[in-house]
Amino acid sequence: MANQPIGVFDSGLGGLTAVKELLNVLPNEDITYFGDTSRVPYGTRSKETIVKYAMQDINFLLKNNVKMVIAACGTVSSVAVDVGKIVNVPFTGVVKPTCLSAVKATKNGKIGVIGTSATIRSKSYHREIQRIDEKIEVIEQDCPLFVPLVESGFIERNDEIVKLTVSRYLKELKDRQVDTLILGCTHYPILKEAIKDFMGTNVTLVDSGRETALFAADLLANNGLLNESKEAGTCKFFVSDRPDGFASVADIFLNDKISHNVEQIDIEKY
Ligand code: DGL
């Protein structure tokens with residue numbers, strides 16, 4: 001079983017930011033990625049819809065014999081909290097690993113959380129942080145324009161639109177002097193530079209993809225599922241909408257030239 005791939009899914013291609021971190025942390029693991037590009041975004045949808053979509057995404061990965069499932073999507077991890085229970089392999093979302101790291105990082109006990117509207121509405125990060133340490137103050141803000149900004153290529157730190165949007169959303173978090181900020185959505189690491197410029201270098205940014213990759217490595221090790229082979233791992237990509245255009249978008253998220261095969265599947269069958 002250790003030689004089987006790790007399954008990663010997201011509402012779209014944003015989860016590739018988590019794949020990038022997995023490739024750094026676990027370079028010899030094979031990865032099977034599913035991006036639900038025909039139904040993205042999830043962050044504006046109801047809980048019922050998000051749960052239904054997440055179950056189908058997981059079923060698809062399980063049919064592809066993955067040894068572990070990672071919900072890289074902040075929205076799924078926050079709203080469809082029980083979907084991990086249907087999985088008979090190790091499973092993780094992004095909320096728990098990210099909160100553990102943020103609680104370790106804060107010095108003044110004030111943590112900011114940014115995510116999609118569905119994520120912030122769920123209060124998932126708030127609950128998890130206070131479960132770890134109830135004295136910590138958690139200040140949350142949804143940033144619904146960040147996903148379309150990134151997907152439209154507005155990602156440069158000096159772009160006026162990026163700067164203005166970042167300052168509008170993050171002003172209150174800055175005024176309330178959070179010293180740690182959770183980037184609770186797949187797309188937000190792409191805006192890291194602009195967010196850092198606005199929040200200042202004293203604020204620690206916690207990237208959910210990075211923390212989840214580290215957590216997944218521990219989970220695999222604890223279950224005796226690490227792939228011990230010396231060969232570099234390979235990635236397989238599946239999407240639910242037309243695969244053309246994947247390479248250029250993937251380039252933004254994975255920060256790598258993709259020459260990989262991308263296959264389209266019908267997710268409604270799962
Ligand atoms: N992947 C989603 C997340 O991390 C962002 C895009 C969406 O709304 O589906 O919350």
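Please read these numbers as outputs of a predicted model, since none were measured by experiment. Both ligands and their constituent atoms are indexed starting at 1 by order of listing.
- The cationic group of Lys96 does not satisfy the cation-pi geometry with Phe215, failing either the under 6.0 Å distance to the six-membered ring centre or the 45° limit from the ring axis.
- Residue Lys174 qualifies as enclosed at atom NZ: its count of foreign heavy atoms under 6.0 Å is above 12.
- Within 6.0 Å of CD in Glu231 there are 12 or fewer heavy atoms belonging to other residues, nucleotides or ligands.
- Summary of contacts: the protein heavy atom closest to atom 6 (C) of ligand 1 is Ser11 OG, 3.6 Å.
- Contact atoms of ligand 1 toward Gly74: 3 (C), 4 (O), 10 (O) (distance under 4.0 Å to a heavy atom of the residue).
- The aromatic rings of Phe146 and Tyr188 sit perpendicular to each other, their planes meeting at more than 60°, with 30° as the lower class boundary.
- Of all protein heavy atoms, the one closest to atom 1 (N) of ligand 1 is Asp10 OD1, 2.8 Å.
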> Run the side-chain contact (heavy atoms from CB on, under 4.5 Å) check on Glu29 and Lys67 step by step: do they pass?
Replying inline: CA-CA 11 Å; Glu29 294 290 341; Lys67 65 179 174 185; 2.6 Å; yes

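- Residue Tyr42 places at least one N or O, backbone or side chain, under 3.5 Å from an N or O of ligand 1.
- A donor-acceptor pair under 3.5 Å is absent between the side-chain atoms of Tyr125 and the main chain of Gly112, judged by distance alone.
- Residue-to-ligand polar distances place Thr186 within reach of ligand 1: an N/O pair is separated by less than 3.5 Å.
- Remark: ligand 1 and Val40 share no N or O pair separated by less than 3.5 Å (distance only, no angle test).
- Residue contacts with ligand 1 include Cys73, since one of its heavy atoms falls under 4.0 Å from the ligand.
- Looking only at heavy atoms of the protein, atom 10 (O) of ligand 1 is closest to Thr75 OG1, 2.6 Å.
- Ring orientation note: the planes of Phe60 and Phe34 are tilted relative to one another, at an angle of 30° to 60°.
- By the 3.5 Å distance cut-off applied to N or O atoms, Gly43 is counted among the residues near ligand 1.
- The protein non-hydrogen atom at the shortest distance from atom 5 (C) of ligand 1 is Cys185 SG, 3.5 Å.
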